[in-house]
Trainee: 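Could you have a look at this structure, given as structure tokens, before my questions?
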Amino acid sequence: MTKLLKRSFFERSTLDVAPELLGKVIVLRQSKKIKKTGIIVEVEAYTHDDPACHAARGKTPRNEVMFGPGGYSYVYFIYGMYHCLNFVTEREGIPGAILIRALEISDENERVASGPGKLCRYLQITKKHNKLDCCDIDSPLIVTAYNSNKLKDTSIIQAKRIGISKAAHYPWRWYIKDNPYISKK
DNA sequence: GACCGGATCCGT
DNA sequence: CGGATCCGGTCT
């Protein structure tokens with residue numbers, strides 16, 4: 001495995017890291033073997049001074065990983081049936097995270113991972129995957145830089161966030177232009 | 001201990 | 001547009 005993303009990649013401003021995650025690859029492993037991979041094609045940023053961020057009102061058992069070092073996973077359960085996957089950003093002490101909203105899965109239907117709940121369902125990500133150090137080469141969940149040429153168009157579009165009531169107008173969603181795997185019809 | 005809304009998805 | 005379905009946060 002090569003091009004593992006370093007902690008220094010994640011420990012920067014959330015708004016800088018978010019668009020740079022597009023095109024990177026999530027790798028899920030089980031017993032040292034690669035189980036599933038997906039290319040990140042849509043993300044959303046949540047920052048420490050953001051009313052929609054789970055950490056906006058301070059540390060709780062659920063969100064505590066967001067206050068730690070960057071590069072860790074933050075997985076939470078929502079609407080009684082879905083999980084959502086984030087990667088923690090910013091240096092220790094400053095909460096921040098990037099929600100992964102859609103993945104391009106080769107040899108799969110465009111819609112199997114076209115939403116934050118759907119991609120966790122497809123990858124079988126649950127709260128067991130919370131607080132994993134994704135910068136550790138031995139972690140079951142890591143992120144690597146994409147190194148083949150399957151992405152045809154890598155232009156990035158910035159847009160308003162989706163599905164939240166607070167601060168929904170913040171233009172903190174990014175996706176790959178014309179990519180058929182992004183969320184929303 | 002109780003209440004209630006939610007970073008979603010799907011079928012109508 | 002509403003229903004599914006349950007947890008975490010907040011208040012009592």
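Small disclaimer: the values here were computed from a predicted structure and weren't measured. Residue numbers start from 1 in every chain, and the chains themselves are labelled A, B, ... in the order their sequence lines are given, proteins ahead of strands.
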Trainee: Ignoring backbone atoms, test whether A:Ser165 places a side-chain nitrogen or oxygen under 4.0 Å from the OP1 or OP2 oxygen of B:dG5.
Mentor: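 No, A:Ser165 has no side-chain N/O under 4.0 Å of OP1/OP2 on B:dG5.
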
Trainee: What I want to find out is whether A:Asp50 reaches A:Arg161 closely enough, with some N-O distance under 4.0 Å, to be called a salt bridge.
Mentor: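 A:Arg161 and A:Asp50: salt-bridged.
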
Trainee: Ring centres under 6.0 Å, that's the criterion: do A:Tyr76 and A:His54 meet it?
Mentor: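 Under 6.0 Å, so yes.
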
Trainee: Give the first and the last nucleotide of DNA chain C, reading 5' to 3', that has any atom under 4.0 Å from a heavy atom of chain A.
Mentor: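 Contacts span C:dA4 to C:dT10, reading 5' to 3'.
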
Trainee: Give, ordered by number, those residues of residues 53-62 of chain A having at least one heavy-atom distance below 4.0 Å to an atom of DNA chain B; if nothing qualifies, reply none.
Mentor: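 Within residues 53-62 of chain A, the residues near DNA chain B are A:His54.
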
Trainee: Hey, are A:Lys32 and A:Asp138 close enough for a salt bridge, meaning a charged N less than 4.0 Å from a carboxylate O?
Mentor: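 Looking at A:Asp138 together with A:Lys32, the answer is yes, because their closest N to O distance falls below 4.0 Å.
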
Trainee: Before accepting this row, confirm whether a basic side-chain N of the pair A:Arg12/A:Glu90 lies closer than 4.0 Å to the acidic partner's carboxylate O.
Mentor: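 A salt bridge is absent here (no side-chain N lies under 4.0 Å from a carboxylate O).
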
Trainee: Checking side-chain polar atoms at under 3.5 Å, does A:Tyr181 have a donor or acceptor matched by the opposite partner on A:Glu108?
Mentor: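 No, A:Glu108 and A:Tyr181 have no side-chain donor paired with an acceptor closer than 3.5 Å.
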
Trainee: Over all strands shown, is A:Phe77 touching base, sugar-phosphate only, or nothing at heavy-atom distances under 4.0 angstrom?
Mentor: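 Contact class for A:Phe77: sugar-phosphate only.
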
Trainee: Output yes when A:Glu44 and A:Arg101 qualify as a salt bridge under the 4.0 Å nitrogen-oxygen rule, no when they do not.
Mentor: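 A:Arg101 and A:Glu44: salt-bridged.
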
Trainee: Pick base, sugar-phosphate or nothing for A:Gly117, based on heavy-atom distances below 4.0 Å to the nucleic acid.
Mentor: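 The answer is sugar-phosphate, as A:Gly117 gets under 4.0 Å only of primed atoms, P, OP1 or OP2.
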
Trainee: Check the distance between B:dC9's P and A:Ile182's CD1 and give it to me in whole angstrom.
Mentor: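 Nearest whole value for this atom pair: 13 Å.
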
Trainee: Could you check whether A:Lys166 gets within reach of a base, just the sugar-phosphate, or nothing at all, counting any heavy atom under 4.0 Å?
Mentor: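 No contact.
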
